[in-house]
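Right, one structure below, let's go through it.
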Amino acid sequence: HVPAVLAILPSPIALETFCHDALAFCPTPSGVHAYPMLDLAEDDPEAAAARLSALNLLRRVKSPQAIVATCVQALLQPSPDPDRAEALSLVIAPGDSTGLETLLGWLADAGYVREAEVYEPGRYALKGGIVDVWPPASRQPSRIEFVGDDVESLRDFNPLDQRSVR
């Protein structure tokens with residue numbers, strides 16, 4: 001079967017319009033993923049995160065439930081190597097014995113910036129045995145709760161009010 005629908009549009013404006021219109025046909029907003037053009041004049045963490053998320057989706061999805069849309073200009077820009085990005089990834093799930101100190105060391109080595117609260121991708125915060133982190137490829141941040149070295153829970157949170165959403 002087809003892993004995903006890939007739509008290549010002629011311009012960034014056409015890409016934005018397509019993504020907006022495609023949402024009307026998807027059962028959930030997470031069914032449409034943009035692979036946008038990077039703003040090379042300045043740091044663009046949102047576009048970089050969206051690009052990495054779309055690449056990860058194309059590697060993992062097993063059914064045609066997702067649309068990845070891009071424009072010609074975005075395809076002409078360099079992309080991260082998906083195999084290298086996967087090798088640099090750390091997967092955490094409830095019940096894992098990852099260890100709080102191990103995670104904090106990995107975050108520092110991976111270039112995450114420690115903050116008091118997490119408001120944007122590439123940042124993390126430590127609050128006792130809880131680590132808030134926003135991976136660049138995620139649409140929203142996650143809260144990882146440790147009990148000793150074990151991951152007790154993992155849930156997303158709203159960066160605006162810092163409350164858990166599930």
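By convention here, the first residue in the shown sequence is residue 1.
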- Chi angles and distances behind the side-chain contact (heavy atoms from CB on, under 4.5 Å) call for Phe157, Val118: CA-CA 10 Å; Phe157 71 92; Val118 174; 4.0 Å; yes
- dist Leu15:CG -> His20:NE2 (nearest 0.5 Å) comes out at 13.0 Å
- Query: Quick one: does Leu103's side chain get under 4.5 Å of Ile92's, heavy atoms only?
  - Reply: yes
- Note on the structure: Minimal heavy-atom distance between Pro135 and Pro121, with the atoms involved, is O-CB, 4.4 Å
- Can you see which heavy atom on Ala34 is nearest to which on Ala54, and at what distance? O-CB, 4.0 Å
- Item | Student check: side-chain heavy atoms of Phe146 and Ile130 closer than 4.5 Å | no
- Message: Counting C-beta onward and ignoring hydrogens, is there a side-chain heavy-atom pair between Arg155 and Ser142 closer than 4.5 Å?
- Response: no
- Leu107 reachable from Val151 in the ILVMFWY side-chain graph, under 4.5 Å edges: yes
- Query: What's the spacing between Leu38 CG and Ser79 OG if we round to 0.5 Å?
  - Reply: 8.0 Å
- Glu117 bridged to Arg123 by N-O distance under 4.0 Å: no
- Do the side chain of Glu16 and the main chain of Ile13 share a donor and acceptor less than 3.5 angstrom apart? no
- Query: Can you check whether Met37 reaches Leu76 side chain to side chain, under 4.5 Å on heavy atoms?
  - Reply: no
- Task: Side-chain contact test, heavy atoms from C-beta onward, threshold under 4.5 Å: evaluate it for Glu152 versus Pro94 and give yes or no.
- Result: no
- Task: Please assess Ser97 against Asp149 for the test side-chain hydrogen bond (donor to acceptor under 3.5 Å, both in side chains), listing each intermediate value before the final yes or no.
- Result: CA-CA 5 Å; Ser97 296; Asp149 283 342; over 6 Å; no
- Can you find a pair of side-chain heavy atoms, one from Glu115 and one from Glu120, that are under 4.5 Å apart? no
- Spatial distance of atom OH (Tyr35) from atom CD1 (Ile8) [nearest 0.5 Å]: 11.5 Å
- Query: Are Leu6 and Val72 connected in a single hydrophobic cluster, I mean Ile/Leu/Val/Met/Phe/Trp/Tyr linked by side-chain heavy atoms less than 4.5 Å apart?
  - Reply: yes
- Message: Does the plane of the ring in Tyr124 sit parallel, tilted or perpendicular to the ring in Tyr112? Use 30° and 60° as the thresholds.
- Response: perpendicular
- Report yes or no: does Asn158 contribute a side-chain atom to a donor-acceptor pair with the main-chain N or O of Leu160 at less than 3.5 Å? yes
- Rounded distance [0.5 Å steps], CG in Leu90 versus CG in Asp109: 11.0 Å
- From Leu100 CG over to Asp150 CG, what is the distance, rounded to the nearest 0.5 angstrom? 11.5 Å
- Query: Looking at side-chain heavy atoms only, is the closest gap between Arg143 and Leu154 below 4.5 Å?
  - Reply: no
- Do Pro159 and Pro141 have side chains that get closer than 4.5 Å, going by heavy atoms? yes
- Task: Give the minimum heavy-atom separation between Ala50 and Pro36, together with the two atoms involved.
- Result: CB-CD, 3.7 Å
- Item | Salt bridge flag under 4.0 Å for residues Lys127 and Asp132 | yes
- Item | Value rounded to 0.5 Å, distance of CZ in Phe18 from CD1 in Ile67 | 5.0 Å
